[in-house]
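Predicted model, so just to flag it, every value in this text is computed and none were measured. We name chains A, B, ... by the order of the sequence lines, and we start the count at 1 in each one. Values below: all heavy atoms of this structure, side chains included; hydrogens, waters and symmetry mates excluded.
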Number of protein chains: 2
Amino acid sequence: MNEHTRLSWTDVRNRIRARILDRTYAPGDRLPRDEDIARDLGCARATVHRAMQDLAQVGLVARRRKGGTHVLRDPVTRTTVDIPVTRREVETRGETYGYRLVERDIGSAPCEVLARFGLTRPVEMLRVRALHLADARPFIYEDRWVDIRATPEILDVDLARDSANEWLVRNKPYSRVEVRFSAIDADPETAQHLGTATGRAVLVIERTTWIDTAPITSVEAFAAPGYKLVTRG
Amino acid sequence: MNEHTRLSWTDVRNRIRARILDRTYAPGDRLPRDEDIARDLGCARATVHRAMQDLAQVGLVARRRKGGTHVLRDPVTRTTVDIPVTRREVETRGETYGYRLVERDIGSAPCEVLARFGLTRPVEMLRVRALHLADARPFIYEDRWVDIRATPEILDVDLARDSANEWLVRNKPYSRVEVRFSAIDADPETAQHLGTATGRAVLVIERTTWIDTAPITSVEAFAAPGYKLVTRG
DNA sequence: AAGTGGTCTAGACCACCTT
DNA sequence: AGGTGGTCTAGACCACTTG
């Protein structure tokens, strides 16, 4: 290697990763201190820090103050998922987006929904069920609860025209989100909306969001059979 | 605010995020240059950079050189998923892990598998089907293909004792992974292994990994009914 | 108590991309 | 061609956590 070329943090990351892959640093091992690695490679400590940040993010190493940096014994497969606004997802596929409000009413959220928010006392919420279409075919059916205390404005939105999905995403950025993936056998109602048979496998994407600790909304999105969710490269 | 307290990058991030939430910076808007924000807040540009890095990571803003920083018009729900080694996942639940090899053989990978790897020519691979148990009940059934060219050592592993899942994770860290989630109706074989009925909804987690561009392995993990995958907080 | 990673600053230069 | 974010450096101090 050329002594005179400056190392970028990706160079440093690649070198360290290579040493992990070839077992120079084996699972469970403690890596040298950032400062020592920096001296060895001839770069600034901050550069090593940036590289390590990436390796930690990816789940290859864990870092603790005073404890040092360790190669994880049981690496996890860590990946990032982007869930776009449904309209955008449909349009990206080159299909025509459609939307239909199924039902809108206000009522006390069932305890299963309260549990998602971490609430213990009953709360009145807006419930919206709606169908998203791709080329006039059912694409995603959503069952959503909105906490009116934090988002009273949504009561004035014409949800027959604009989907709550879109309105919320545009008007209520969250600061925390929790997502769950599961598969269920379609109940008769869901099956009907999705234009499929009762009992068919449906992918469920459950999303709950907060601003700080204030609940905003919780949705179950039921995807039509054949739907796949792909992670970002 | 106290002029004398130093701002941390999380402080800066929170302030900028607050301005996005309250529409000071509305969707589509261009934010001031990092340098200007830094001057306004009285901190170093690097601190603003660190804050922006976080906001971009979360999918609230997009940054381009010369283009500046923009509030995204269609924010995406971006989240991180950790998929642990199955044994660990079971143990974390406080249950007893069990493992059973179902079948192991070598053959030409079907084009569906080749497609996942981005391969066009047929390749001989090791195919391993195995069952992971939690408290002696079926937990995850996996159907895996391993590219022997990059991982010939696996041919010497006693897969009746040690799961390929575990061996690979420990011995073949990858540098790239792609994950897909979907739901299928259990075919008779899968249903049998999972101890459920044919046609029941099953969550499928498909993972394909590479070292650089060399294919390592591709698995379909079929989760027993009731399984949920949760994102990291 | 002390070691290690985390952060902040100030300044410089670079690379990318829009105009 | 020039503006903006991205990165690197060197040094200092801080905060967490372990021995």
Under 4.0 Å protein heavy-atom contact, by nucleotide of nucleotides 10-19 of chain C - B base, S sugar-phosphate only: --B--BBBB-

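- Counted within 6.0 Å of CD on B:E35, heavy atoms from surrounding residues, nucleotides or ligands total 12 or fewer; the atom is thus considered open.
- We find that CD of B:Q57 is positioned 16 Å from C1' of D:dG6, with the value rounded to whole Å.
- With respect to A:D212 and A:R176, no salt bridge is recorded, no charged nitrogen being found less than 4.0 Å from a carboxylate O.
- Whole-Å rounding puts the B:L41 CG to C:dC8 P distance at 12 Å.
- Annotation: the span from B:C111 atom SG to B:R116 atom CZ amounts to 11.0 Å, rounded to 0.5 Å.
- Phosphate proximity of D:dT9 to A:T47: present, with a side-chain N or O under 4.0 Å from OP1 or OP2.
- Taking CZ from B:R19 and CD1 from B:I37, the interatomic distance works out to 7.0 Å, rounded to the nearest 0.5 Å.
- Within 6.0 Å of the CZ atom in B:R50, the count of heavy atoms belonging to other residues, nucleotides or ligands exceeds 12.
- With rounding to whole Å, B:I37 atom CD1 is found 8 Å from D:dG5 atom P.
- For the OP1/OP2 pair of C:dG6 and a distance below 4.0 Å, the side-chain nitrogens and oxygens of A:H49 include at least one atom meeting the criterion.
- Distance B:L7 CG to D:dC14 C1': 16 Å, rounded to the nearest Å.
- Note that CD1 of A:I216 and OG1 of A:T151 are 4.5 Å apart. Values are rounded to the nearest 0.5 Å.
- Atom CD of B:Q53 is separated from atom P of C:dC8 by 12 Å (rounded to the nearest Å).
- One can place CZ of A:R33 at 18 Å from P of D:dT18, the figure rounded to the nearest angstrom.
- Distance check, rounded to the nearest 0.5 Å: CD1 of B:I20 to CZ of B:R23 gives 11.0 Å.
- Distance CZ (B:R50) to P (C:dT9): 14 Å, rounded to an integer number of Å.
- Applying the 4.0 Å criterion to OP1 and OP2 of C:dG5, one finds that A:T69 has a side-chain N or O inside that range.
- Atom CZ of B:R13 is separated from atom P of C:dG6 by 16 Å (rounded to the nearest Å).
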